[in-house]
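Inspection log for the structure reproduced underneath, given as structure tokens.
As the structure lists them, so they are numbered: ligands from 1, and atoms in each ligand from 1.
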Amino acid sequence: MKLSRRLFGAAAIAFVATAGASYAADMKIAIVVKSLGNGFFEAANKGAEEAAKELGGVKIIYTGPTTTTAEGQIEVINSLIAQGVDAIAISANDPDAVVPALKKAAQRGIKVISWDSGVAPAGRIMHLNPSSNELIGKMCLKLAADHLPDGKGDFAILSATTTSTNQNIWIGEMKKQLKDFPGLKLTTTVYGDDLADKSYREAQGIMTSHPDVKVIVAPTTVGVLAASQAVKDAGKIGKVYVTGLGLPSEMAGAIKSGATKEFAIWNPIDLGYTATEIAYHLVKGDASGKPGTEIPVGRMGKIKIDDKGEAAMADPFIYDAKNIDQFSKIF
Ligand code: RAM
């Protein structure tokens with residue numbers, strides 16, 4: 001009796017101590033993604049967890065809606081406000097629609113940043129781009145030209161949602177820089193909403209409605225994978241190519257089947273890692289995130305914020321038959 005009471009007492013003290021420790025010490029950083037179930041964001045979450053472990057006393061709340069909508073993200077943001085998180089790092093489905101909810105978060109003292117797909121300046125302290133947007137647009141055009149004889153022919157764009165900040169900026173860059181690729185003709189732009197089945201159907205639609213299209217450029221990891229599958233299933237390998245931004249782990253089959261010769265991406269693990277480091281320093285208060293300032297970002301060194309309140313990471317990297325096996329093991 002005595003022993004069991006003593007044991008119970010010890011357990012109760014241990015419980016209080018753990019509960020107290022996690023309440024007092026853990027900084028809660030929410031990583032809000034466009035939607036759950038996207039391998040790109042899962043890789044970014046690996047980086048977020050890595051940063052949290054290195055920093056110590058940080059808990060990552062990886063969350064997002066089940067489909068790629070701003071409404072779904074607003075619900076998620078409201079629930080994070082109710083939970084009292086310390087920071088929100090969001091990849092937005094719409095630059096403007098999430099702003100009122102994020103402003104509410106900021107009023108409650110939550111540090112808000114965007115990464116990958118940006119939020120309008122009124123809704124965030126700063127935005128982290130994976131790379132230079134201009135360079136990403138140029139890279140997509142170069143990849144399209146590389147798949148065409150003499151760089152000449154028709155291509156179509158298969159994007160994510162119509163409101164997706166990052167894809168819309170990259171498509172804008174592609175259109176701006178088309179003059180530097182005189183052999184390329186853009187036939188149509190369609191939207192697969194970063195859903196595998198819709199992207200697949202939109203890729204099929206391009207092949208039936210635009211038989212002259214020789215390359216589908218998808219600046220989305222979901223779209224590029226679905227389109228390469230659609231081309232394969234239609235028996236069009238060698239006639240229609242797919243390229244754009246993809247994950248090596250998801251695109252290895254497309255490289256092997258010949259649906260894709262090459263595609264590009266930056267390191268999503270480093271992106272999630274860096275976003276987490278930024279959020280941490282903003283919460284700690286040893287960085288402001290203001291234009292012109294710098295923020296230390298662990299093993300990635302430091303990043304500098306430009307006059308628009310944005311920072312950019314490294315150049316995208318090209319994957320093909322020579323390096324796909326090596327990288328498909330990483331992300
Ligand atoms: C998808 C998402 C993400 C984008 C990548 C390239 O996973 O749309 O926002 O950065 O593709």
Pairing donors with acceptors under 3.5 angstrom, does anything connect the side chains of [X] and [Y]?
| X | Y | answer |
| --- | --- | --- |
| Tyr273 | Asn267 | no |
| Gln229 | Asp233 | yes |
| Lys138 | Asn133 | no |
| His210 | Asp212 | no |

Which heavy atom of the protein is the closest neighbour of [atom], given with residue, atom name and distance?
| atom | result |
| --- | --- |
| atom 1 (C) of ligand 1 | Thr221 OG1, 3.3 Å |
| atom 10 (O) of ligand 1 | Asp116 OD1, 2.7 Å |
| atom 8 (O) of ligand 1 | Asp194 OD2, 2.6 Å |

Exercise. Got an N/O contact under 3.5 Å between Ser91 and ligand 1?
Worked result: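 Looking only at distances, the answer is no, because the N/O contact criterion of under 3.5 Å is not met.
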Exercise. Does an N or O anywhere in Asn38 fall below 3.5 Å from an N or O of ligand 1?
Worked result: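 N/O-N/O distance under 3.5 Å: yes.
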Give the atoms of ligand 1, by number and element, whose distance to some non-hydrogen atom of [X] is under 4.0 Å.
| X | answer |
| --- | --- |
| Thr220 | 11 (O) |
| Phe41 | 3 (C), 9 (O) |
| Trp170 | 10 (O) |

Exercise. Would you find a donor on one side and an acceptor on the other, under 3.5 Å apart, between the side chain of Thr187 and the backbone of Asp154?
Worked result: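 Answer holds: no.
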Problem set entry | Contact with ligand 1 for Trp115, non-hydrogen, under 4.0 angstrom | no
Exercise. Would you say the ring centroid of Phe317 lies under 6.0 angstrom from that of Phe327?
Worked result: yes
